[in-house]
Peer 1: 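One structure is given below, represented as structure tokens, and several questions about it will come after.
Each chain gets a letter, A, B and so on, in the order its sequence line appears, and its residues count up from 1.
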Number of protein chains: 2
Amino acid sequence: MKDTDVMMNQAAVVLKLLGDKTRLTMLKILDVHDCCVCEFVEVFTMSQPSISQHLRKLKDVGLIQEERKGQWIFYSMNKNSVHYTLIRPLLEQLPNQSYKIKELERSGKRILCC
Amino acid sequence: MKDTDVMMNQAAVVLKLLGDKTRLTMLKILDVHDCCVCEFVEVFTMSQPSISQHLRKLKDVGLIQEERKGQWIFYSMNKNSVHYTLIRPLLEQLPNQSYKIKELERSGKRILCC
DNA sequence: TAACTATATAATAATATACTTATATATACA
DNA sequence: TGTATATATAAGTATATTATTATATAGTTA
């Protein structure tokens, strides 16, 4: 298969991941804030396994990375990912989602660890 | 629902459409070349109804537009679409697909109409 | 060590997606 | 007007996706 086909395939795979409201919002948030799973469970009204599965998909393509901090596993944007260049201009055009994190802080549910 | 949620939803819908290799390639091509259905049938090894259905999805969100020219219906990028701003920087990063159109021309299958 | 919290994985079910074939529609042209 | 060509739509099927519940794993702390 041609090089360019491989690139088109990879772009399609990444864009399919962004084509889900939950994951898209996660990425917009992670572009600014590191977050752990239980925070996302609060932000999205969704079960913990569902959140875990979304995060796994993003991790599997290398868009995000995880780091354990004590009890929690924090996810962050992998800005060195080969795909970050592709999605960055996209994320820039999306409305800021930091208010969701501020709401967490207000309700005392933001995890400030270590 | 919040304004920003509506925007995130819409972005996710558009990105899901781009998250398919065939449609992504169609858009990259249509960004430069107008094409009719039968040309896409040649470019992608895929049935005519399948091509039609992909084009319809892109048309339904306003990303592309159609124009009948005699026997053929030509599709083109709708650069005035509210979503074009979102996807343009993306398309720019994809490898050029014009060689697919050049192959059509070489094999005499490019439709040069009106 | 036991109990608790956070996260991941497995199994499953409902729904969505992307093809296919068959058929309808619209234009072109002999 | 009849036939051919281009496209759209309908119906059906296989597969993918996204959620759920149940359970496993790993770290924390009493």
Peer 1: Whole angstroms only, please: what is the CZ-P distance between B/Arg68 and C/dT25?
Peer 2: 14 Å
Peer 1: Any N/O pairs under 3.5 Å between the protein and nucleotides 19-22 of chain C? List them or say none.
Peer 2:
{"from": "C/dC19", "atom 1": "OP2", "to": "B/Ser50", "atom 2": "OG", "distance (Å)": "3.0"}
{"from": "C/dC19", "atom 1": "OP2", "to": "B/His54", "atom 2": "NE2", "distance (Å)": "2.6"}
{"from": "C/dT20", "atom 1": "OP2", "to": "B/Ser47", "atom 2": "N", "distance (Å)": "3.3"}
{"from": "C/dT20", "atom 1": "OP2", "to": "B/Ser47", "atom 2": "OG", "distance (Å)": "2.5"}
{"from": "C/dT20", "atom 1": "O4", "to": "B/Gln53", "atom 2": "NE2", "distance (Å)": "3.2"}

Peer 1: Is the distance from OP1 or OP2 of C/dT17 to the nearest side-chain N or O of B/Lys16 less than 4.0 Å?
Peer 2: yes
Peer 1: What is the distance from CH2 of A/Trp72 to P of C/dC4, rounded to the nearest Å?
Peer 2: 17 Å
Peer 1: Starting at CG of A/Leu17 and ending at C1' of D/dT17, how long is that distance when rounded to a whole Å?
Peer 2: 11 Å
Peer 1: Between B/Arg106 (side chain only) and B/Gly108 (backbone N and O only), is there a donor and an acceptor less than 3.5 Å apart?
Peer 2: no
Peer 1: Is there any salt bridge (Lys or Arg N to Asp or Glu O under 4.0 Å) pair reaching into residues 38-47 of chain A, and which pairs are they, with sequence neighbours excluded?
Peer 2: A/Glu39-A/Arg110, A/Glu42-A/Lys109
Peer 1: What is the separation between atom CG on A/Leu55 and atom C1' on C/dT9, rounded to the nearest whole Å?
Peer 2: 14 Å
Peer 1: Can you identify which nucleotide, out of D/dA8, C/dT7, D/dG27, has its nearest atom closest to the B/Glu66 side chain?
Peer 2: D/dA8
Peer 1: Could you state the atom-to-atom distance from NZ of B/Lys69 to P of D/dT7 in whole Å?
Peer 2: 13 Å
Peer 1: Can you tell me if B/Arg56 touches the phosphate of D/dA8, counting only side-chain N or O atoms and a distance under 4.0 Å to OP1 or OP2?
Peer 2: no
Peer 1: Looking at D/dA6, I'd like to know if its phosphate oxygens (OP1 or OP2) sit under 4.0 Å from a side-chain N or O belonging to B/Tyr75.
Peer 2: no
Peer 1: Any idea which heavy atoms bring A/Phe74 and A/Cys36 closest together, and the distance?
Peer 2: CD2-N, 3.9 Å
Peer 1: Taking the basic N atoms (NZ, or NE/NH1/NH2) and the acidic carboxylate oxygens, is any pair closer than 4.0 Å for B/Lys69 and B/Asp34?
Peer 2: no
Peer 1: In whole Å, I'd like the distance from the CD1 atom of A/Ile111 to the P atom of D/dG27.
Peer 2: 18 Å
Peer 1: Can you list everything that forms a side chain to side chain donor-acceptor pair (under 3.5 Å) with A/Lys102? Sequence neighbours excluded, please.
Peer 2: none
Peer 1: In whole angstrom, give the distance that lies between atom CD1 of A/Ile73 and atom P of D/dA24.
Peer 2: 19 Å
Peer 1: Look at the side-chain N and O atoms of B/Arg23 and state whether any lies under 4.0 Å from the OP1 or OP2 oxygen of C/dA18.
Peer 2: yes
Peer 1: Choosing from D/dT18, C/dT7, C/dA8, which nucleotide comes nearest the side chain of A/Lys57?
Peer 2: D/dT18
Peer 1: So, for A/Leu17 and A/Lys57, which heavy atoms are closest and what is the spacing to 0.1 Å?
Peer 2: CD1-O, 3.7 Å
Peer 1: Would you kindly give the CD-to-C1' distance between B/Glu67 and D/dA6, to the nearest whole Å?
Peer 2: 16 Å
Peer 1: Between A/Lys79 and A/Asp31, does any NZ, NE, NH1 or NH2 come within less than 4.0 Å of an OD or OE carboxylate oxygen?
Peer 2: yes
